[in-house]
Amino acid sequence: MQYKAFDDWLASTALGGANQSYIEELYESYLTDPDSIDADWRAIFDALPKVSTTVEQPHSPVRDYFRRLAREHSSETVTVIDPEASAKLVKVLQFINAYRFRGHLEAHLDPLNYYRWKTSHVPELDYHYHGLTEQDLDETFNINHYVYKRDTIKLGELADMLKETYCGSIGLEFMHVQDMEQKLWLQGKLESRLEKPLFSKEEKINLLNELTAADGLERYLGAKFPGAKRFSLEGSDAFIPLVKEIIRHSGQQGVTDVVFGMAHRGRLNMLVNVLGKRPEDLFDEFAGKHATGERTGDVKYHQGFSSDFALGDERKMHLTLAFNPSHLEIVSPVVAGAVRARQTKHNDADRNRVLAITVHGDSAVAGQGIVQETLNLSNTRGYSVGGTIRIVINNQIGFTTSNPRDTRSTEYCTDIAKMIQAPIIHVNGDDPEAVAFAARMAVEYRTLFKRDIFIDLISYRRHGHNEADEPLATQPMMYGIIKKHPTPRKVYADRLIVEGVITESEVTEMMNLYRDALDNGERVVAEWREMDVAKMDWLQYLDHDWTSPYHAAFPKERFVTLAKRVAEYPDALRAHPRVEKIYEDRKAMAAGDKLLDWGMAETMAYATLLDEGANVRLSGEDAGRGTFFHRHAVVHNQNDGTGYVPLTHLHANQGHFEVWDSVLSEESVLAFEYGYATTDPKTLTIWEAQFGDFANGAQIVIDQFISSGEQKWGRMCGLVMLLPHGYEGQGPEHSSARLERYLQLCAQQNMQVCIPSTPAQVYHMLRRQFLRKMRRPLIGISPKSLLRHPLAVSSMDELINGEFQNVIGEVDPLDPKKVKRVVLCAGKVYYDLLEQRRANAQQDVAIIRIEQLYPYPHDDVKAALEPYSHVTDFVWCQEEPLNQGAWYCSKHNFESSLPDGVKLKYAGRPASASPAVGYVSLHTQQQKQLVADALSF
């Protein structure tokens with residue numbers, strides 16, 4: 001066999017040298033079994049020309065290796081490679097691959113030709129670079145379907161086809177995708193663009209019509225409300241046909257629900273021209289009119305919307321645009337949570353029916369860390385939605401900065417997509433047909449592979465960051481080009497006129513008809529349909545408040561049965577000895593031989609709700625076992641690592657229970673759970689922080705969504721946040737859940753802040769949250785050391801026949817008449833006070849726990865203080881520093897419960913810049929002092 005061509009080929013490529021042995025191994029595998037290697041390599045080896053001849057006798061180790069291989073495949077003659085032809089063919093294949101790898105760098109992507117940072121010339125895309133010459137252009141090569149499904153092709157024709165495919169209005173980045181099936185599908189789909197025509201005359205006219213709508217609305221608003229903020233879409237007008245094409249094409253793939261998330265740019269256009277909001281309603285918002293009601297509202301470019309979209313074949317698709325604050329990218333995980341909830345509701349385990357579409361800005365997608373967090377969620381078990389189509393409205397400028405050296409450290413703003421091997425379709429926003437092709441390609445990819453895909457809509461921004469901004473001040477060169485550049489509608493209209501698809505008068509009529517529709521103020525989306533209000537899940541939760549009655553009691557016999565089941569796991573499962581002990585204790589609790597601890601009471605809250613048909617979703621870092629080793633909702637088999645979840649084995653008709661150990665993120669996961677909770681009121685959705693301190697990593701979600709979403713947008717939400725809190729000497733980052741921050745956010749009955757101090761209280765707190773016909777967030781300040789405190793236990797009867805107590809009065813048999821001081825407190829410090837008072841044998845100090853700090857239970861506190869009406873000495877005791885905890889935020893509430901003229905004293909740590917001290921000895925000293933201050937006169 002003659003091997004020189006193969007050796008020469010290796011030496012001439014980046015795969016030669018140190019990589020030569022790797023290629024030889026691949027070739028050996030190919031000769032043994034062609035299907036055992038990747039399709040790309042198989043195609044290269046298949047394409048090498050072959051002739052039959054007698055085997056030579058090479059003497060080098062490499063030749064000896066091939067000689068042995070050849071003998072295994074033939075006794076006398078073997079297939080060998082023609083040196084000259086094979087070397088040239090390999091160069092042709094390298095030329096093809098260069099376009100697949102780097103063609104996007106020379107693609108015509110920027111309508112302005114202003115990509116100053118882009119590589120202007122890629123040498124590998126020139127056939128000369130690969131050692132080919134003009135004399136080779138007419139030579140025919142056998143490429144064996146390696147590209148364009150062709151057996152043979154001339155080099156000149158191939159060069160033209162590659163340039164048209166990979167360097168036109170679409171630049172596809174996909175060679176970073178490791179899965180070969182996906183890679184082959186992507187390259188085949190893009191190369192199919194040469195199969196013309198791609199769009200019918202009717203489809204082209206429809207694209208122009210949608211561009212006319214996008215352009216027409218912005219011009220209308222600019223004339224009617226000059227200078228008003230609207231975050232215009234102008235320059236990126238193709239976004240509207242892009243989204244509508246995704247909707248239409250996904251409907252053909254079986255999608256019935258789409259949830260959108262996007263920031264400001266183009267949002268008003270999206271509302272009117274895609275979702276069907278009445279222009280008249282939008283104009284009223286510009287004029288300053290607003291609906292009457294208790295809500296405080298939000299600006300118009302933060303608003304969400306829902307509607308039904310007719311697909312043309314009697315079917316409808318439900319569209320939802322999520323509400324979004326000015327924190328640009330935070331809506332992405334919220335959308336993911338909402339989509340996951342819909343998929344669960346529809347039993348859409350294959351993720352076929354509900355689609356997530358998120359819209360990003362070019363600077364934001366590269367600059368905001370929440371994007372990375374959300375991408376990291378995309379394929380995890382508890383948070384996957386089967387792929388999201390991510391659109392980047394890339395107007396090449398972030399606020400006032402367009403120099404990429406100031407906005408990012410990567411070639412493209414979408415390079416972050418490569419962390420999850422998501423393909424990226426860069427497309428020129430002035431070519432609506434390329435944009436529509438990208439839409440179809442993205443939908444089909446997501447449908448097939450259930451993975452994220454990005455569409456980078458490269459366009460521009462005709463005005464400044466908002467319409468009052470003057471962009472020429474900072475971007476004179478870019479905006480000098482923009483002022484002379486025709487609109488996307490004009491570019492495409494002229495193109496269709498030249499093609500004979502439409503006449504100039506028809507273009508003018510199209511514009512006039514749209515403007516007339518805006519003047520009429522009625523909906524301009526022909527596909528818009530009225531939603532069926534009767535199917536809305538949230539109707540039954542309207543107009544309820546904190547006093548809404550609910551049935552707290554639970555049948556004892558049923559309770560005991562459930563308690564036994566949650567304490568069981570299969571005999572064949574070998575649990576960890578510590579977990580085994582916890583479950584043995586739970587069996588004793590179920591039998592009534594032991595009081596219930598925190599873990600058992602919490603588990604029984606879930607079990608009783610599931611028994612009644614409720615669904616429960618619990619997530620967070622270490623949520624399965626609980627950070628502090630108390631929950632163990634999942635029992636891990638020490639033999640094989642499999643997990644068993646007792647709460648999913650109660651009975652056949654129970655509700656759905658799921659518990660997920662989340663990625664190491666607070667912001668994205670909490671946002672995801674918020675989206676889930678705002679979508680599904682029939683699931684008790686819980687997020688648990690590893691430590692309550694760490695929730696500050698999700699402060700944006702807490703501030704912009706959880707605490708204010710109902711007032712701004714009317715979005716009800718029953719999300720529960722469990723925040724471990726307590727001063728046990730673990731330092732500044734492992735003590736405080738920052739209670740004061742939640743109390744500061746409390747107003748207008750927007751959420752609950754509770755600090756349960758007994759297992760029965762956490763049981764009733766969780767059950768009340770779901771059973772009461774009201775959905776507002778619950779901030780549960782949960783314990784750490786109390787999880788196993790000998791005094792923090794409850795009887796079965798307290799769970800079965802009790803209810804949540806907003807205030808717990810004195811528990812020891814004190815004579816109220818002998819009480820001289822009343823100490824008010826909340827949480828773990830109660831047990832420190834109780835134990836010290838008992839140690840002191842004091843009978844003159846009563847201790848009252850306030851278990852719900854907001855909404856503040858005025859009547860309940862007054863009732864608890866009634867036996868001590870003669871007392872004038874009142875103290876609020878807390879573990880937190882003076883400037884933290886409940887003191888500053890709730891002092892006025894405490895004082896309102898006391899007799900007139902009485903001053904409330906403070907016992908706690910001194911004011912501090914840090915949440916807690918770092919030295920155990922200092923912690924102990926402070927703890928003893930604050931307890932002593934509370935109990936001593």
Side-chain angles (χ1 to χ4, degrees), residues 691-693 723-741 743 755 757 781-792 808 810-812 814 818-851 853 868 871-895 898 902-937:
F691 284 83
D693 315 57
L723 307 177
H725 172 90
Y727 281 65
E728 282 104 359
Q730 296 189 57
E733 275 73 59
H734 297 88
S735 298
S736 176
R738 294 289 194 174
L739 171 64
E740 64 279 358
R741 292 183 178 173
L743 292 174
I755 311 183
S757 62
I781 305 298
S782 58
K784 295 179 289 186
S785 62
L786 292 192
L787 297 174
R788 279 171 287 278
H789 196 289
L791 295 179
I808 300 178
E810 178 58 61
V811 297
D812 282 352
L814 303 182
K818 295 181 179 179
V819 170
K820 299 178 180 177
R821 168 177 285 187
V822 175
V823 177
L824 303 173
C825 66
K828 167 187 159 289
V829 73
Y830 165 76
Y831 290 97
D832 295 330
L833 292 167
L834 181 64
E835 290 180 292
Q836 188 60 51
R837 187 188 68 181
R838 288 176 176 175
N840 296 344
Q842 286 183 265
Q843 299 291 312
D844 55 359
V845 177
I847 307 173
I848 294 175
R849 284 168 278 177
I850 302 178
E851 304 275 292
L853 289 171
Y868 315 108
V871 175
T872 58
D873 187 1
F874 292 87
V875 174
W876 168 258
C877 180
Q878 67 178 37
E879 294 184 300
E880 302 85 0
L882 174 69
N883 57 321
Q884 298 169 38
W887 177 244
Y888 280 166
C889 294
S890 298
K891 180 183 177 183
H892 62 291
N893 284 325
F894 304 148
E895 290 178 335
L898 304 181
V902 173
K903 184 176 181 181
L904 182 66
K905 301 174 184 176
Y906 168 82
R909 286 179 165 80
S912 171
S914 173
V917 298
Y919 304 110
V920 176
S921 58
L922 183 55
H923 159 80
T924 303
Q925 176 186 331
Q926 288 183 341
Q927 195 75 9
K928 288 181 177 179
Q929 186 62 54
L930 70 89
V931 170
D933 291 345
L935 298 176
S936 302
F937 295 91

- Does CZ in Phe937 sit with more than 12 non-hydrogen atoms of other residues, nucleotides or ligands closer than 6.0 Å? yes

Correct closest heavy-atom pair for Arg838 and Asp812 would be NH2-OD1, 2.7 Å

To the nearest 0.5 Å, atom CG of Leu786 lies from atom OH of Tyr830 at 11.0 Å

**Request:** Verify side-chain hydrogen bond (donor to acceptor under 3.5 Å, both in side chains) between Ser735 and Gln730, making sure each step is shown before the conclusion.
**Result:** CA-CA 6 Å; Ser735 298; Gln730 296 189 57; over 6 Å; no

Query raised in the report: Will you find, in the side chains of Arg909 and Gln929, an N or O donor that is under 3.5 Å from an N or O acceptor?
Result: no

What's the verdict on side-chain contact (heavy atoms from CB on, under 4.5 Å) for Ile847 and Cys825, showing C-alpha distance, side-chain angles and the deciding distance? CA-CA 7 Å; Ile847 307 173; Cys825 66; 3.9 Å; yes

Rounded to the nearest 0.5 angstrom, the CZ-CG distance for Phe894 and Leu904 is 8.0 Å

Item to check | side-chain contact (heavy atoms from CB on, under 4.5 Å) evaluation trace for Ile848 with Val822 | outcome: CA-CA 7 Å; Ile848 294 175; Val822 175; 3.9 Å; yes

Taking the six-membered ring where the residue is Trp, are the ring centres of Trp876 and Tyr906 under 6.0 Å apart? no

Those residues at least two apart in sequence (or on a different chain) that pass side-chain hydrogen bond (donor to acceptor under 3.5 Å, both in side chains) with Glu851 are Ser757, Gln761

Check: Do Lys784 and Phe691 touch side chain to side chain, with heavy atoms closer than 4.5 Å?
Finding: yes

In terms of heavy-atom contacts, Ala907 and Asp933 come closest through CB-CB, 4.0 Å

dist Asp693:CG -> His725:NE2 (nearest 0.5 Å) comes out at 8.5 Å

- Are the aromatic rings of His923 and Tyr727 close, with centres under 6.0 Å apart? no

Using side-chain contact (heavy atoms from CB on, under 4.5 Å), reason through Leu824 and Cys877 one step at a time and then give a plain yes or no.
CA-CA 6 Å; Leu824 303 173; Cys877 180; over 6 Å; no

For His734, the side-chain hydrogen bond (donor to acceptor under 3.5 Å, both in side chains) test, sequence neighbours excluded, returns none

Taking every heavy atom of Val829 against every heavy atom of Gln927, the minimum-distance pair comes out as CG2-NE2, 4.4 Å

Problem set entry | Basic-acidic side-chain contact under 4.0 Å: Arg849, Glu810 | no

Taken in chain and number order and not counting sequence neighbours, the residues that satisfy side chain to side chain contact (heavy atoms under 4.5 Å, CB included) with Arg738 are Ser736, Glu740, Arg741, Gln884, Pro915

Would you say Lys818's side chain and Asp844's backbone share a donor-acceptor pair under 3.5 angstrom?
no

Heavy-atom closest pair (Leu743 atom, Ser890 atom, distance to 0.1 Å) is CD1-OG, 3.7 Å

For Lys828, the salt bridge (charged side-chain N to carboxylate O under 4.0 Å, His left out) test, sequence neighbours excluded, returns Asp832, Glu879

Original post:
Is there side-chain contact between Leu935 and Gln836, with at least one heavy-atom pair below 4.5 Å?
Top reply: yes

Applying side chain to side chain contact (heavy atoms under 4.5 Å, CB included) to Lys905 and not counting sequence neighbours gives Arg821, Asp873, Val875

Quick note, salt bridge (Lys or Arg N to Asp or Glu O under 4.0 Å) partners involving residues 910-920, not counting sequence neighbours, are none

### Task
Could you go through the side-chain contact (heavy atoms from CB on, under 4.5 Å) check for Leu739 and Leu853 one step at a time?
CA-CA 10 Å; Leu739 171 64; Leu853 289 171; 3.9 Å; yes

Shortest non-hydrogen pair, Leu833 vs Ala934, comes out as CD2-CB, 3.7 Å

When every non-hydrogen atom of Leu814 is compared with those of Gln842, the smallest separation belongs to CD2-O, 4.2 Å

